[in-house]
Amino acid sequence: MCATMDTLRIIIVTLALMAAVSTVAGHNITDILSEYPEYSVFNSYLSQTKLADEINSRQTITVLVFNNSVLAKFLSNDTLSVVKIVLSIHVLLDYFDMQKLKTIGGGTVITTTLYQTTGNAIGSTGFVNITDLNGGKVGFGSAAPGSKLDSLFIKSVKQIPYNISVVEIDLPIIPLGILTGGAPSGVNISSLLETAGCKTFAKLITDTGVLKIYETVSTKGLTVFAPSDAAFKAGGLPNLNKLTNAELVSMLLFHACSNYIPRGSLKTEKNPIHTLATTTAGKFELTVQTNGDSVTLVSGVDSSRVESTALDSVPLSIFKIQNVLLPTELFTKSPPSVPAPAPETSTPSAPTPASAPRTIASSPAPVNATSPVRSPPSPSTPPTAPTPPTPSISSPIDAPAPAENPAADTGKSNAGDGIKVPGLFVALVTASISGIISSIAA
Ligand SMILES: *[C@@H]1O[C@H](CO)[C@@H](O)[C@H](O)[C@H]1NC(C)=O
Ligand SMILES: *[C@@H]1O[C@H](CO)[C@@H](O)[C@H](O)[C@H]1NC(C)=O
Ligand SMILES: *[C@@H]1O[C@H](CO)[C@@H](O)[C@H](O)[C@H]1NC(C)=O
Ligand SMILES: *[C@@H]1O[C@H](CO)[C@@H](O)[C@H](O)[C@H]1NC(C)=O
Ligand SMILES: *[C@@H]1O[C@H](CO)[C@@H](O)[C@H](O)[C@H]1NC(C)=O
Ligand SMILES: *[C@@H]1O[C@H](CO)[C@@H](O)[C@H](O)[C@H]1NC(C)=O
Ligand SMILES: *[C@@H]1O[C@H](CO)[C@@H](O)[C@H](O)[C@H]1NC(C)=O
């Protein structure tokens, strides 16, 4: 048992190291701005919206900053998702230092912003117009028709040629319609998934009640990795009907985590991602591999490329992915030594594992299969309820992974110590433990 746990730990560490080999530019915007207290709110918003990860992962970039009092005046009443849109318009995908700004060819240039890369920019709101105004002034404005060049260059804050330049302007660039357009509040996750081409997944999470857990968690931060409809039709996918309800719930919880992780942050994620199915023992984790612009999630049994972003609206992030993610706790790879069954073989009664490269590992869990489905908290529960469900779900998720905490695999789970554990969690722990036990036995 201990040896197996050690093996699992080695696998997890190995995957974590593999994931760490993603390319990042050598700058850290959080660090750069931390030297300037006048931009501290701007800096804090870059971290909260995860734009900092996006900036750090790109080379040749210019960040237009404004000071705390300007930010308070223009953005204090806006939601984080609106702030994210506005700030992403201030991240230019080109290098502009003072010299380059003062010698703009033709006196005017249109440049692409980070907002344009989200695919949500309407018209030319994702572009910024930089124009050399009379008297040596440089003006910035949205490239959207009808916009004014209201924002003026103040000073160059920091330059690392030609990687990153930080430039102060006196007013934020806010394209017409951005603030009034607003961000979707109260997103209907299932209808969004259906529109994105993930109907099967939407039906599964609705039928099992997992959607209600997603919805509860989503108020504080949620990322969903939703397999496409094609993923459920792919050859080699184990028969999911053979899973017990509890196992199916675990598998669906494995496709989400209780943090807001937009694409840029996912690309630079070095640590295993704790999913909603992750227990105090650290099981049911995903790792990320990045190759250029392609992002792949690794489950341990299989992997899945991230196909597209279905939604990025702080604190909710939904990705469409290419394959169903199979957790090692529920599935195993078929042993490579098993020969493919030949029709002329003398043992026609032998099982035919080779026809399904991945097989369900566990026997039915000793859990009342329907109990986890009925347990999830009702979405109508007021957030001020004395025992809000979210902390109970997220507290085991915040626990350290076994890779960093050797004490965690001694078999002593501290899930019950001082934490009010809901029935759902107990059921899931039981389900995952039985999954681990049967995969060891297999
Ligand atoms: C710019 O980034 C590249 C790649 O990270 C790095 O090799 C180079 O040293 C950086 N330039 C400066 C001036 O830091
Ligand atoms: C960037 O700098 C901040 C503050 O110095 C630090 O907390 C953070 O870990 C750094 N991020 C990376 C990716 O190194
Ligand atoms: C924010 O809301 C307060 C109170 O409603 C209002 O006085 C203030 O003008 C608003 N600020 C902005 C930038 O809209
Ligand atoms: C930038 O805006 C100014 C003022 O609206 C306009 O005259 C100029 O043509 C724009 N530049 C480009 C490249 O479109
Ligand atoms: C913030 O920036 C504005 C615009 O440049 C300026 O008028 C104001 O004095 C600055 N405030 C502080 C505290 O630096
Ligand atoms: C969300 O959309 C689905 C259809 O995709 C619908 O059945 C459901 O009632 C909607 N939920 C809410 C709360 O509007
Ligand atoms: C599981 O729960 C259901 C609903 O409460 C109940 O009807 C059923 O008898 C239970 N099954 C077992 C095996 O305990």
Side-chain angles (χ1 to χ4, degrees), residues 16 19-59 61 63-76 89-90 92-94 96 98 100-101 103-113 116 123-135 137-158 160 163-164 166-176 259 261-262 264-271 288 290:
V21 193
S22 59
T23 50
V24 252
H27 52 253
N28 178 342
I29 186 68
T30 313
D31 203 38
I32 292 171
L33 289 180
S34 68
E35 288 169 36
Y36 306 90
E38 60 267 42
Y39 313 125
S40 60
V41 182
F42 191 103
N43 198 11
S44 159
Y45 276 140
L46 288 184
S47 296
Q48 288 179 57
T49 58
K50 311 270 178 172
L51 282 171
D53 293 333
E54 193 80 57
I55 293 168
N56 295 344
S57 68
R58 285 175 183 269
Q59 250 173 307
I61 208 154
V63 184
L64 305 175
V65 297
F66 36 88
N67 67 30
N68 292 346
S69 43
V70 172
L71 195 145
K73 196 168 161 203
F74 287 91
L75 293 172
S76 53
I89 291 169
H90 290 74
L92 313 179
L93 306 186
D94 198 352
F96 292 99
M98 189 153 60
K100 191 167 166 191
L101 286 171
T103 55
I104 290 170
T108 180
V109 69
I110 298 285
T111 182
T112 312
T113 72
Q116 181 64 24
S124 40
T125 53
F127 298 92
V128 160
N129 174 332
I130 310 176
T131 297
D132 194 355
L133 302 171
N134 292 336
K137 286 182 177 169
V138 179
F140 298 79
S142 172
S147 306
K148 290 180 183 157
L149 298 174
D150 278 340
S151 310
L152 295 179
F153 171 85
I154 299 281
K155 66 169 187 262
S156 183
V157 176
K158 175 92 181 182
I160 305 177
N163 291 356
I164 185 166
V166 180
V167 164
E168 181 178 348
I169 55 176
D170 67 343
L171 290 176
I173 302 165
I174 304 180
L176 296 167
N259 305 81
I261 313 181
S265 307
L266 192 64
K267 275 175 70 174
T268 56
E269 189 62 64
K270 295 182 180 74
N271 300 314
V288 182
T290 308

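When a ligand or atom number is given, it counts from 1 through the structure's own listing order.
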Taking [atom] as the reference point, the nearest protein heavy atom with its distance:
atom: atom 11 (N) of ligand 4; answer: Thr108 OG1, 2.8 Å
atom: atom 13 (C) of ligand 5; answer: Ser69 OG, 4.1 Å
atom: atom 4 (C) of ligand 4; answer: Leu149 CD1, 3.8 Å
atom: atom 12 (C) of ligand 2; answer: Asn28 ND2, 3.4 Å
atom: atom 5 (O) of ligand 2; answer: Asp31 OD1, 2.8 Å
atom: atom 10 (C) of ligand 5; answer: Asn67 ND2, 2.4 Å

Hey, is ligand 2 close enough to Thr30 that some N/O pair sits below 3.5 Å? no
Could you tell me whether Asp170 and ligand 5 have an N or O pair separated by under 3.5 Å? no
Can you confirm whether or not the ring centre of Phe66 sits under 6.0 Å from the ring centre of Phe42?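 Ring centres of Phe42 and Phe66 closer than 6.0 Å.
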Does atom 2 (O) of ligand 5 have any protein heavy atom closer than 4.0 Å?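 Within 4.0 Å: yes, protein heavy atom nearby.
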So, for atom 7 (O) of ligand 4, does the protein have a heavy atom nearer than 4.0 Å? no
Per-atom contacts, ligand 5 versus Ile154 - under 4.0 Å to a heavy atom: 5 (O)
Are Asn68 and Ser40 linked by a side-chain donor-acceptor pair shorter than 3.5 Å? yes
Dump the intermediate steps for side chain to side chain contact (heavy atoms under 4.5 Å, CB included) on Thr131 and Ile104, then the final yes or no. CA-CA 8 Å; Thr131 297; Ile104 290 170; over 6 Å; no
Side chains of [X] and [Y]: closer than 4.5 Å at any heavy-atom pair?
X: Leu93; Y: Ile61; result: yes
X: Val157; Y: Ile32; result: no
X: Leu92; Y: Val167; result: no
X: Lys158; Y: Ile164; result: no

For ligand 4, which atoms have a heavy atom of [X] less than 4.0 angstrom away?
X: Thr131; result: 1 (C)
X: Asn129; result: 1 (C), 2 (O), 3 (C), 8 (C), 10 (C), 11 (N), 12 (C)
X: Ile110; result: 12 (C), 13 (C), 14 (O)

Distance-only, no hydrogens or angles: does the Ser265 side chain make a donor-acceptor pair with backbone N or O of Ile261 under 3.5 Å?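 No, because the side chain of Ser265 does not come within donor-acceptor range (under 3.5 Å) of the backbone of Ile261.
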Is it the case that the side chain of Asn56 and the backbone of Ile29 share a donor-acceptor pair, with hydrogens and angles ignored and the cut-off at 3.5 Å?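 Checked: pair present.
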